[in-house]
Amino acid sequence: MKINKIDDIDKFLDSIDECTGRVMMVSEDGDRINLKGRLGGYLSLASIISNDFIKELDIEIDDPEDIKLLSSFLIV
């Protein structure tokens with residue numbers, strides 16, 4: 001699943017915190033990083049942020065209900 005429009009990192013991480021299942025960032029190499037932990041989320045996102053705006057990000061969401069919480073960030 002692709003995510004974009006992350007210009008407010010705190011709002012994105014707050015939405016992830018509300019998710020019941022795992023939310024994993026997937027690197028181009030296939031590495032998976034858990035975004036549910038606040039520190040892990042900040043450190044992971046900090047490594048790919050450019051000018052406080054993330055253009056696109058691959059994530060995996062375990063619980064289909066959590067997609068609703070992140071829908072404003074999804075690429076349609």
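Put simply, Leu69 and Ile67 are part of two different groups of oily side chains (I, L, V, M, F, W, Y) that touch within less than 4.5 Å, one to the next. Residues Leu70 and Met25 fall within the same hydrophobic cluster, defined by Ile, Leu, Val, Met, Phe, Trp and Tyr side chains chained together at heavy-atom separations under 4.5 Å. Under a hydrophobic clustering in which Ile, Leu, Val, Met, Phe, Trp and Tyr are joined whenever their side-chain heavy atoms come within less than 4.5 Å, directly or via other members, Met1 and Ile33 fall into the same cluster.
Asp58 has a carboxylate O that lies under 4.0 Å from a charged side-chain N of Lys2, or vice versa, which qualifies the two as a salt bridge.
Every residue two or more places apart in sequence or in another chain that forms a side chain to side chain contact (heavy atoms under 4.5 Å, CB included) with Lys11 is listed here: Asp8, Phe73. Annotation: side chain to side chain contact (heavy atoms under 4.5 Å, CB included) contacts of Asp63 (sequence neighbours excluded): Thr20, Glu65, Asp66.
Note: Ile16 CD1 to Leu35 CG = 4.5 Å, rounded to the nearest 0.5 Å.
For the pair Lys36 and Arg22, the tightest heavy-atom approach, listed with the atom from each and the gap, is CG-CA, 4.2 Å.
Residues Val23 and Ile59 meet the side-chain proximity criterion, which asks for heavy atoms closer than 4.5 Å.
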